[in-house]
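Chain letters run A, B, ... following the sequence lines, proteins first, then strands; residues in each count from 1. Side-chain atoms are counted along with the backbone in the values below, which use heavy atoms only and exclude waters and symmetry mates.
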Amino acid sequence: MLRGSLEQLARLRAFIAATAPQFGCGAEDVFALELACDEAVTNIFNHVFDDQMGEVQVELWRQDDAVCVTLDYYGRSFDPSQVAEPDLTAPLEQRPEGGLGLYFMRQLMQEVRFEFDAVKGNRLTMRRALGEN
Amino acid sequence: MEITITQAANPKMIAVLHVHGNVDSASYEQFQQTAADLIAKGARDMVLDLGQTPYMSSAGLRALNVIYNSLRDENATRSNVSAGVVKGTYKSPHLKLAAPTKRVLETLKMSGFDMFLEIHHDVPSAVASF
């Protein structure tokens, strides 16, 4: 359970680095999980909790030939399909600030699924196939 | 994360920021502000030493983008930059990276930032490239 704000990111990455190898993750997988979860939790703290204190429950487990992670939290929903793909060929001077977080998550994970429920809470599930990367 | 600053002469003065530690959304503002303070004091050419930076999230890239824009050559027209980008030849003449760690390099490539920033093996070669 992460309680607080962005200072929790180091704790999140340490948890993944300590836990993921037990599920058969190699160094590349650990890095991918750390970065994808960092980006996801950053978005939750910034855009759902509005930089206020909040709570995110993180679970990591192995499912067949993949490693999965869920992030559970309460707060507002958004439509992921409305988040524009960044133009990676655009010169930096023409790029908007930010906007790479969800792109990174989708690049690093085979599945990124959002479920929103005002009563039961929101859940972000990410899955990364092992042994293919 | 901590940042130390040194100056190199080539013969113009080049500010070298040595970034020690991870750059994420909890630390990127400090990174960005340190560079902004140097630019406000007149720095026009900068090397970011990422040899002691194990990890950078998209927040760090956001800071890089802001620093890049702050150091942009006002004489370079957008069409010149665009033409260079199309040819794959445009890189910032004022902001260069040195010795990025493996993970940071992956992040730079995944975002396409490596197309617009020179990446050197070490600080001396980055300084010599100005």
**Asked** For A:Phe45, is it the side chain, the backbone, both or neither that has a heavy atom under 4.5 Å from a heavy atom of chain B?
**Response** neither
**Asked** At a heavy-atom separation under 4.5 Å, does B:Leu61 approach chain A through its side chain, its backbone, both, or neither?
**Response** side chain
**Request:** Tell me whether B:Leu64 is reachable from B:Val66 by hopping between hydrophobic residues (I, L, V, M, F, W, Y) whose side-chain heavy atoms are closer than 4.5 Å.
**Result:** no
**Item:** Distance in Å, B:Ser25 OG paired with A:Leu9 CG, rounded so as to fall on 0.5 Å steps
**Value:** 4.5 Å
**Over 12 non-hydrogen atoms of neighbours within 6.0 angstrom of NE2 in B:His121** = no
**Asked** Of all of A:Glu7, A:Arg13, A:Gln107, A:Arg95, which one pairs up most often with chain B through heavy atoms under 4.5 Å apart?
**Response** A:Arg13
**Request:** Check B:Tyr55 against A:Asp38 and note the closest heavy-atom contact, atom names and distance.
**Result:** OH-OD2, 2.8 Å
**Request:** Give a yes or no on this: more than 12 heavy atoms of other residues, nucleotides or ligands lie within 6.0 Å of atom CD of B:Glu2.
**Result:** no
**Prompt:** Is it the case that one hydrophobic cluster holds both A:Leu2 and A:Trp61, taking links as side-chain heavy atoms less than 4.5 Å apart, direct or via other members?
**Reply:** no
**Item:** Selection from B:Gly112, B:Ala26, B:Ser111, B:Ser27 maximising heavy-atom pairs under 4.5 Å formed with chain A
**Value:** B:Ser111
**Asked** Tell me, do B:Thr107 and A:Phe31 make a side-chain contact under 4.5 Å, heavy atoms counted?
**Response** yes
**Request:** Report whether B:Ile3 and B:Tyr28 are members of the same hydrophobic cluster (ILVMFWY, side-chain heavy atoms less than 4.5 Å apart, transitive linking).
**Result:** yes
**Partner chain B: residue of A:Thr42, A:Leu100, A:Leu35 with the largest heavy-atom pair count (under 4.5 Å)** = A:Leu35
**Asked** Is it the case that one hydrophobic cluster holds both A:Val83 and A:Phe114, taking links as side-chain heavy atoms less than 4.5 Å apart, direct or via other members?
**Response** yes
**Request:** Just give me the residue among A:Ser5, A:Pro96, A:Ala27 that pairs up with chain B most often, heavy atom to heavy atom, under 4.5 Å.
**Result:** A:Ala27
**Message:** Within a 6.0 Å radius of atom CD on B:Gln52, are there more than 12 heavy atoms belonging to other residues, nucleotides or ligands?
**Reply:** no
**Asked** Of the non-hydrogen atoms in A:Leu108 and B:Met110, which two are nearest, and what is the gap between them?
**Response** CD2-SD, 4.0 Å
**Prompt:** Taking atom OG of B:Ser92 and atom CG of A:Leu92, what is their separation to the nearest 0.5 Å?
**Reply:** 8.5 Å
**Shared hydrophobic cluster, B:Val16 / B:Met1 (ILVMFWY, side-chain heavy atoms < 4.5 Å)** = no
